[in-house]
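Residue numbering restarts at 1 for every chain, and letters A, B, ... go by the order of the sequence lines.
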Amino acid sequence: MTSHPQPETIAAIQQLYGRQSHLIDSGAAREWAETFTPDGVFDSPSYPNPVVGTEALTQFARDFAASAFAKAERHRHVITNLHIERVDARTLTVAAYLQIIATKVAGPSALLRFTTLSDTVRHTPDGWRVARRTVARDDAPLPQ
Amino acid sequence: MTSHPQPETIAAIQQLYGRQSHLIDSGAAREWAETFTPDGVFDSPSYPNPVVGTEALTQFARDFAASAFAKAERHRHVITNLHIERVDARTLTVAAYLQIIATKVAGPSALLRFTTLSDTVRHTPDGWRVARRTVARDDAPLPQ
Amino acid sequence: MTSHPQPETIAAIQQLYGRQSHLIDSGAAREWAETFTPDGVFDSPSYPNPVVGTEALTQFARDFAASAFAKAERHRHVITNLHIERVDARTLTVAAYLQIIATKVAGPSALLRFTTLSDTVRHTPDGWRVARRTVARDDAPLPQ
């Protein structure tokens, strides 16, 4: 049975998710990677394999920035609909919607894809960190 | 005269609205209906009549899910710009923007409609619940 | 060195930003202007010069509303990804994404532009107010 976390925990998670997008979107790759635990897992069907650990996550964020730059675009991670549940004193689950929005230089902005995050977040000596992120894409096949 | 609610009330409302979208969007129709009071009212110009009470709200959420599924789409309720005002110890008003975003299987995502929620939220033995939701569509005629 | 603000400060800022969009979008020009300090600065590349002070900000908000109305559109300021940092006891920085979404009467909704806000927010006798807002557009040229 999960329960509601304290208001200060909710505020801390809102800050974590608010900050996280600005980091990856502004090219702060290492700082973005460090919003995950050192053994943190990022598992998204948009990429061939799960990305595991600070070094790999840093490289992933660098590649994300380089890919947008090569297309003369800015890509943004828009987070909404945070819902936080307490699993135990040091573990939360966080659900959120994540939209990737791309803007061409001197051009229009467009919604590239719509996804849902299902995260496990763990309390560490450095504060709350994402231990595991699972991304589901809305353009995936529907369940039969 | 309205006033600002306490931080713990703001956190509770953020959790209610965060959770509510995930419920209707994932097909948890009954749980979505129970985020309203038992006599809760959902009044939207997108539907012919106001929907009133847990049973009717449950059926409404089922129809919403079935309609998206029939089109091979996922529909999401994206909530932003929550603004919460205290009316009295057991009553709040909540304003929010609600975007409906549709994604076709293997296809693009698109903003289906942009609406504003004007809600009355009531404290109940089960926590805060929506007593009345009034939806305004941005594609409605402008005031003269 | 910046640090995390208290949960009650985070809640107050969320309320300020939630309310601010509803004010300008509903035509409450003076109330919107008063979410800035009396000498508040709004600096956006979408407009020829920075807008400074309550009177000029009020006129700016009136012009924004009139411009949308003249096109038979509603324009909305969608705020996401708030990230708040404490500078000192009376000063915060706030980063956020701001999307402008336009809807034509009886027509579709579209993302008009995607921007990032970098704000300085100051505590005043009337609560937290925006002292300086700097807007960056995603369609601006990329750094070389």
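Put simply, CZ on A:F42 and CG on A:L57 are 8.5 Å apart, with the number rounded to the nearest 0.5 Å.
Per-residue heavy-atom pair counts under 4.5 Å with chain C were compared for A:L16, A:I10, A:V78, and the maximum is reached by A:V78. In terms of non-hydrogen atom pairs under 4.5 Å with chain A, the most contact-rich of C:A110, C:P5, C:A11, C:A96 is C:A96.
The nearest pair of heavy atoms linking A:V135 to A:P45 is O-CD, 2.9 Å.
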Anything under 3.5 Å between chain C and chain A that's a donor-acceptor pair? List each one with its distance, please.
unit_1, atom_1, unit_2, atom_2, d
C:H4, ND1, A:Q15, NE2, 3.0
C:Q14, NE2, A:Q14, OE1, 2.7
C:N81, O, A:H22, NE2, 2.7
C:N81, OD1, A:S21, OG, 3.1
C:I84, N, A:Q15, OE1, 3.1
C:I84, O, A:Q15, NE2, 2.6
C:Y97, OH, A:D25, OD2, 2.5
C:D138, O, A:R74, NH1, 3.0
C:D138, OD1, A:R76, NE, 3.2
C:D138, OD1, A:R76, NH2, 2.7
C:D138, OD2, A:R76, NE, 2.8
C:D139, O, A:A106, N, 2.8
C:A140, O, A:R74, NH1, 2.7
C:P141, O, A:R74, NH2, 3.2

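Checked against A:L117 for a side-chain contact (heavy atoms from CB on, under 4.5 Å), the options A:L98, A:V130, A:V94 give a single hit: A:L98.
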Check against side-chain contact (heavy atoms from CB on, under 4.5 Å), A:I101 and A:L112:
CA-CA 5 Å; A:I101 297 185; A:L112 219 58; over 6 Å; no
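In this structure, the side chains of C:L111 and A:L111 stay at 4.5 Å or more apart for every pair of heavy atoms.
Of the two parts of A:I79, the backbone and the side chain both hold a non-hydrogen atom closer than 4.5 Å to a non-hydrogen atom of chain C.
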